[in-house]
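In what follows, chains carry the letters A, B, and so on, assigned in the order in which the sequence lines appear, proteins first and then strands, with residues in each chain numbered from 1.
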2 protein chains.
Amino acid sequence: MTIAVKRALSLLDLFSESVPEIGLSDAARLSGHDKATVHRLLNTLREAGLIEQNTGSKLYRLGPAVLHLARLREATFPVIAVVQPMLDALAEETGETAHCSLYTNNALAVIATTESKRANRVSMRGSETLPFHATASGLAFLAFAAPDVVARAMALPMVAFTPNTMTTQAELTAALTETRRLGYASIDKSYEGDVCGIGCPIFGSDKAAVGAIAVATPCHRLTAELQAVITRAVQSSARELTRKLGNALPM
Amino acid sequence: MTIAVKRALSLLDLFSESVPEIGLSDAARLSGHDKATVHRLLNTLREAGLIEQNTGSKLYRLGPAVLHLARLREATFPVIAVVQPMLDALAEETGETAHCSLYTNNALAVIATTESKRANRVSMRGSETLPFHATASGLAFLAFAAPDVVARAMALPMVAFTPNTMTTQAELTAALTETRRLGYASIDKSYEGDVCGIGCPIFGSDKAAVGAIAVATPCHRLTAELQAVITRAVQSSARELTRKLGNALPM
DNA sequence: ACCAACGGTTTACACAGTGAACCACACAAA
DNA sequence: TTTGTGTGGTTCACTGTGTAAACCGTTGGT
């Protein structure tokens, strides 16, 4: 129901860091809907300010309303303002790239990052939504998420980003069990080659995970010692963030 | 057309700094639609992550998706990152509160502010969307906005926020003419008592205004000298911002 | 115990949204 | 020039979706 609204909102997901602007025909193709339909939906979104149109190229892009809404949410329910300093500290402490993501629209959306100061570092550019089965954030979140969320996530196709990516539900289930046991998740070259990740869940008001904090490092640098440092730092950051957001840890 | 989508998106406008969370019944009342309708629309928005629901109180609030979308827009088309330092400089130079707003949804949405460091200063809290006829930003924007935007804005009711607020279209038209002549707009206790404002338009790619920069001060502090300083600073900031956004000034 | 307000759900029916087919235009290749 | 293929945008008959009245189950105040 309300499939028109769903369609309209799904158009917002067409935009990404690599595809910041999009034309009518492309939008119709990518969304799988008719051009006329997409045109009307885009216009409606434009009237609301959620997208705007480049007067010259006619291409559509995200509009000023999203800035206003985000500002409003931050003003009344700050998350980024709380997370960003923690990520900065995390990156400083571990020397590696840290990021935070929240569950949205059946995926994890990155809402803040702090990149390592090193020349050879993991960059978060272009990967603004994280797949569940291939990232430490995804595993950490999913292991502690609400059942219906898990069910919907498990129904997604498991794309093999690298030869190391797990692609069967059995593997994923086992990984989630292990994650629950350890309290954190780690992946090894399963999303991008030569990148390792360690992530912990952030909990919401109903004791289910709402997102994750993770640190990503070039694999060759990840000694057992560094891994221990990162794990401890990420865990304590995630706990602190959950607490700062006014929620309690489960159990 | 697409009235369902319009309704859904209009629900997002119910949220404000003073009303960050809202229940189903209130949402139905405020939006003027049926409870069932609003409930389905809110659920659809929730699925998309644009709003989320407090599991305890059942109240709805803006969701994490807005943070993600805003981050995405800033990453590919930075505005706040460009404006904020300019507002900081403006506030520093004038000693007063500076803010920037963009046209959205038939109103001006504040997207960034820097408050004065003084004890007695103008606070922007609670006024996250600005009326056209009562604020310097509104007049500055409207004086240089596209004709259809002006028409829609003029059709809005002109609420009298203070005894000084202009309430007739004739006054507004005259004020816009004067604003066009001067190149900037100023108001005197017309939105909030004892607050004066001076604003300049920001231009977009089609030589029409897309927003405004303004400085607000307690009226008693606004000497002729300070007014001259502010006017000059705001004008140059607005010009610089238009240029930095990759657009040209009209004429 | 009562009542009123809340959030949420069900239902038949009306009307809003869909999409095939249709322009007008721009650019490239003949 | 003509033709072809790509845009973005518009029209209109049909149909399936969203609407709103009436309904339930809880909660909280009196």
- Aromatic rings A/Phe144 and A/Phe203: how do their planes relate, parallel, tilted or perpendicular, breaks at 30° and 60°?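 Answer is perpendicular, since the angle exceeds 60°.
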
> Taking the inter-plane angle between the rings of A/Phe161 and A/Tyr191 on a 0 to 90° scale, is it parallel (under 30°), tilted (30 to 60°) or perpendicular (over 60°)?
Replying inline: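 A/Phe161 and A/Tyr191: perpendicular rings.
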
Requested in this report: Would you mind listing every salt bridge (charged side-chain N to carboxylate O under 4.0 Å, His left out) that reaches into residues 68-81 of chain A, with sequence neighbours excluded?
Outcome: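 Qualifying pairs: A/Arg73-B/Glu52.
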
Between [atom2] of [N] and [atom1] of [X], the distance in whole Å:
| X | N | atom1 | atom2 | result |
| --- | --- | --- | --- | --- |
| B/Arg7 | C/dC15 | CZ | P | 12 Å |
| B/Arg46 | C/dG7 | CZ | C1' | 12 Å |
| A/His33 | D/dG16 | NE2 | P | 17 Å |
| A/Leu45 | C/dG17 | CG | P | 13 Å |
| B/Ile3 | C/dT18 | CD1 | C1' | 15 Å |

Distance-minimising heavy-atom pair for A/Ala145 and A/Ala208: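 Where A/Ala145 meets A/Ala208 most closely, the heavy atoms are C-CB, 4.3 Å.
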
Under 4.0 Å between a side-chain N or O of A/Thr37 and OP1 or OP2 of C/dG19?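 For C/dG19, OP1/OP2 do have a side-chain N/O of A/Thr37 under 4.0 Å.
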
Its contact letters, B for base, S for sugar-phosphate only and - for none at protein heavy atoms under 4.0 Å, make nucleotides 6-15 of chain D read -SBBBB----

Do B/Glu115 and B/Ser123 have a side chain donor and acceptor closer than 3.5 Å?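 Checked: B/Glu115/B/Ser123 side chains pair up, N/O donor to acceptor below 3.5 Å.
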
Output all residues satisfying side-chain contact (heavy atoms from CB on, under 4.5 Å) with B/Ala109, sequence neighbours left out; order by chain, then residue number.
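Only A/His68, B/Thr104 meet the side-chain contact (heavy atoms from CB on, under 4.5 Å) criterion with B/Ala109.
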
